[in-house]
Asks: 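Please find one structure pasted underneath; my questions will follow.
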Amino acid sequence: ADLLYPNGGGIVWNHPSLGSQTISAFFKDFLDHDDRVLGLEVYNHLAEWNYGNQGWALQQWHQMMVTGRRCFGFFTLDHWFLVPGHPAAAGVNRLLVPAAYSGQNRAQREQALMEAYREGRFYGVVDFGSPTLVDFTADATEVTVEFGTSCDITFVWARKGDPGARTSV
């Protein structure tokens with residue numbers, strides 16, 4: 001299948017937490033076969049809220065990260081009709097777009113959004129009211145983030161062959 005924008009958007013495995021706790025060889029092969037496969041849904045608030053704490057797929061994401069594959073983690077509220085304030089309305093991706101975004105026409109903005117997904121220029125938040133990211137830098141030994149207001153941050157990471165970790169700051 002073709003994408004609307006050749007260098008933007010892609011395919012995401014949704015609801016991995018509602019199935020097996022083990023990543024199938026099929027998904028690993030799928031990631032290797034086609035760069036339009038971007039990753040998996042790490043957080044689904046409807047599954048967390050409605051199915052009893054089944055919204056997080058950190059174990060499945062970890063299983064992909066330690067293989068060294070590119071596998072982005074997505075946060076979703078799951079249903080487009082949920083509005084902020086509904087108990088199941090949480091979990092969103094915040095896209096990082098160029099500064100010129102607001103001055104672009106609709107087609108250019110759509111392309112910028114899809115490219116942000118494709119290039120991994122986004123972060124997930126559980127709460128709609130989460131502060132906005134102001135600055136982010138990273139190198140081999142350090143990550144620095146600045147948000148508009150004080151907040152709790154959880155980093156989830158792994159390196160090839162490493163058991164991985166989850167740290168809240």
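Since the structure is predicted, the reported quantities are computational estimates derived from the model, not experimental observations.
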Asks: What closest approach, in Å, do L40 and P16 show between heavy atoms, and which atom pair accounts for it?
Replies: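 Looks like CD1-CG, 4.1 Å.
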
Asks: With sequence neighbours excluded, what pairs up with D34 under the salt bridge (Lys or Arg N to Asp or Glu O under 4.0 Å) test?
Replies: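 D34 satisfies salt bridge (Lys or Arg N to Asp or Glu O under 4.0 Å) with R36 only.
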
Asks: To the nearest 0.5 Å, how far apart are CD in E119 and CG in L38?
Replies: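 Between E119 CD and L38 CG, I get 11.0 Å after rounding to 0.5 Å.
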
Asks: Side-chain contact, heavy-atom cut-off 4.5 Å: F75 with V126?
Replies: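 Sidechains of V126 and F75: in contact.
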
Asks: Looking only at heavy atoms, which two atoms of G39 and L31 are closest? And how far apart?
Replies: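 Closest approach of G39 to L31: N-CD2, 4.4 Å.
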
Asks: At their closest point, which heavy atom of G148 faces which heavy atom of V134, and how far apart are they?
Replies: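 That closest heavy-atom pairing would be N-CG2, 3.5 Å.
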
Asks: Run the side-chain hydrogen bond (donor to acceptor under 3.5 Å, both in side chains) test against T137 and tell me which residues pass, sequence neighbours left out.
Replies: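 Partners of T137 under the side-chain hydrogen bond (donor to acceptor under 3.5 Å, both in side chains) test: none.
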
Asks: What is the distance from atom CD of Q60 to atom CD of E41, rounded to the nearest 0.5 Å?
Replies: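 The CD atom of E41 is 11.0 Å from CD of Q60, to the nearest 0.5 Å.
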
Asks: Quick one: does any side-chain atom of W61 pair with a main-chain N or O of C71 as donor and acceptor, under 3.5 Å?
Replies: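 It does hold such a pair.
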
Asks: State the NZ-OG1 distance between K28 and T67, to the nearest 0.5 angstrom.
Replies: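 Nearest 0.5 Å value for the NZ-OG1 distance: 6.5 Å.
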
Asks: Which residues satisfy the side-chain hydrogen bond (donor to acceptor under 3.5 Å, both in side chains) test with N14, sequence neighbours excluded?
Replies: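 Listed in chain order: nothing, the list is empty.
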
Asks: Can you list the residues that meet the salt bridge (Lys or Arg N to Asp or Glu O under 4.0 Å) rule with R70, with sequence neighbours excluded?
Replies: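 If we apply the salt bridge (Lys or Arg N to Asp or Glu O under 4.0 Å) test to R70, skipping adjacent residues, there are no hits.
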
Asks: Who pairs with R109 by side-chain hydrogen bond (donor to acceptor under 3.5 Å, both in side chains), at least two apart in sequence or on another chain?
Replies: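 Here no residue qualifies.
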
Asks: Using the side-chain hydrogen bond (donor to acceptor under 3.5 Å, both in side chains) criterion, which residues pair with N105? Sequence neighbours excluded.
Replies: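 Q108.
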
Asks: Are V97 and L113 close enough that some pair of their side-chain heavy atoms sits under 4.5 Å apart?
Replies: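 Of all side-chain heavy-atom pairs linking L113 with V97, at least one is under 4.5 Å.
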
Asks: How far apart are the closest heavy atoms of M64 and F27, and which atoms are they?
Replies: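 Taking every non-hydrogen atom into account, SD-CD2, 4.0 Å.
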
Asks: Could you report the tightest heavy-atom contact between G73 and N93, atom names first, then the distance?
Replies: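 Distance-wise, the nearest heavy atoms are O-OD1, 4.4 Å.
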
Asks: For the residue pair F74 and Y117, establish whether any side-chain heavy-atom pair is separated by less than 4.5 Å.
Replies: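 Yes, at least one pair of side-chain atoms sits under 4.5 Å.
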
Asks: Anything under 30° is parallel, anything over 60° is perpendicular, the rest tilted; go ahead and classify W56 against Y43.
Replies: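 Correct class here is tilted.
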
Asks: Please give me the minimum heavy-atom distance between F122 and A116, naming the atom from each residue.
Replies: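 For F122 and A116, the tightest heavy-atom pair comes out as CD2-O, 3.9 Å.
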
Asks: Once the angle between the rings of Y123 and F147 is folded into 0 to 90°, is it parallel (under 30°), tilted (30 to 60°) or perpendicular (over 60°)?
Replies: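 Perpendicular.
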
